[in-house]
Amino acid sequence: MGTFEVIAPGLFTTIQDEGRFGHQQSGVCVAGAMDPFAHKVANILCGNDNMNEAVLELTMMGATLAFHNDAYISITGGDLSPAIDGVPVKTWQSYVIKAGSTLSFETMKSGVRAYVGIFGGMDIPVVMGSKSTYAKAKIGGWEGRPLKAGDKIPYNKTNVAGKSPVQMPAQYIPAYAQENVLRVVLGPQDDAFTQEGIDTFLSSAYTVSSEADRMGYRLEGAAIKHKDKSDIISDAMLMGGIQVPGQGHPIILMADRQTTGGYTKIASVIYADLYKVAQAKAGDVMRFSAISIEEAQDLYDRFFKTLTGIEAGLLQAEADSPQIIAAIAAAMEADKEVKVFNVRVGNQYYSVSVSKSETQPGTEELEC
């Protein structure tokens, strides 16, 4: 068991996992990480078996943390100028932190939220199935609140022998732009808007206002016209849902959204694009592009296949040996077509090479 101490808490630093599901009917907010991709990759990079394990979410101005024991950590999401013992380090990478070292964050360079994963996870209570902080109700996380100076947070694993920095492949690292196109599925109350209103929504540029936080992002721009009134009988809220109150300006609901709401929802941002909202700041521009439910489902499936590919690829990179590489190279020089796959069986990963059989033409040989 180890601990890190909060020397400076930053603007708003909380503990978040994927969220607290199954309790909205009781009025309990889901909460959870604002950027699902950065959250899950943080766990992959630091070697956690569960990519939904709780991490630190830092907003705009990062914290300063002193580690009293060894740890293996990862840093993903927005670039808030991370440094270890004052030496700048990269995001989207894992690091060995030695006892007595300090992790700090300074200037916001890109994005808004950074995430810190910890090997083994933090040893904090699970409340209603989640470690996520919902600060407004003082539920979960560390005493139900953002971290403050003097907090000492325990974590489970300090044995980092054999651990080394791992960098996520560059092609998977998202770019955080000041202008974004958000793919949306229209509904469930798109029939409450005029065709002109829907056309306005899909053709206009909207600016993120100063009223943007974990609950939602209020946008400024062209008003969206309703057919009649904007009120409906309250129904359930989902992350990425876009409410349009009477004045016609959209609000994108996020992690700390209310459980129910009585305004019409013109569309929902697809899961794969939520990171764009989570990493946007006041003044950034949003546009909307409508896609079908089937396309959204396909992109959702691709999102998790990408995560699985990242996980398997990083494990393969750690497992590669000179002998394996030499064997593959020798086979290719002998004009044998060889393909190498990373295969997961349960919690075990295997490197499988597939080549054409010389003894039985038309068949293939497998080697693990």
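Just so it is clear, the model here is predicted, and its values are computed rather than measured.
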Among all residues two or more places apart in sequence or in another chain, which pass the side-chain contact (heavy atoms from CB on, under 4.5 Å) test with [X]?
{"X": "Gln178", "answer": "Lys281, Asp284"}
{"X": "Lys227", "answer": "Thr194"}
{"X": "Ser74", "answer": "Ala42, Leu45, Cys46, Ser94"}

**Request:** Each residue besides Ile270 in its hydrophobic cluster should be listed here, by chain and number; the cluster joins Ile, Leu, Val, Met, Phe, Trp and Tyr at side-chain heavy-atom distances under 4.5 Å.
**Result:** Val185, Ile291, Ile293, Leu299
**Request:** Return the set of residues passing ring-ring contact (aromatic ring centres under 6.0 Å, His included) with Phe105 (not counting sequence neighbours), or none when no residue passes.
**Result:** none
**Request:** Sorted by first residue and then second, give each ring pair (Phe, Tyr, Trp, His ring centres under 6.0 Å) pair with at least one member in residues 113-152; sequence neighbours left out.
**Result:** none
**Asked** Which pairs with one or both residues in residues 157-186 pass ring pair (Phe, Tyr, Trp, His ring centres under 6.0 Å), sequence neighbours excluded?
**Response** none
With a cut-off of 3.5 Å and sequence neighbours excluded, list every side-chain donor-acceptor pair involving residues 243-250.
{"from": "His249", "atom 1": "NE2", "to": "Gly221", "atom 2": "O", "distance (Å)": "3.2"}

So, using salt bridge (charged side-chain N to carboxylate O under 4.0 Å, His left out) as the criterion, who are the partners of [X] when residues are at least two apart?
{"X": "Asp235", "answer": "Lys265"}
{"X": "Asp85", "answer": "none"}
{"X": "Arg287", "answer": "none"}

Atom pairs and distances, side-chain donor-acceptor, residues 21-30, under 3.5 Å, sequence neighbours left out:
{"from": "His23", "atom 1": "NE2", "to": "Met128", "atom 2": "O", "distance (Å)": "3.4"}
{"from": "Gln24", "atom 1": "NE2", "to": "Met237", "atom 2": "O", "distance (Å)": "3.3"}
{"from": "Gln25", "atom 1": "NE2", "to": "Gly22", "atom 2": "O", "distance (Å)": "3.2"}

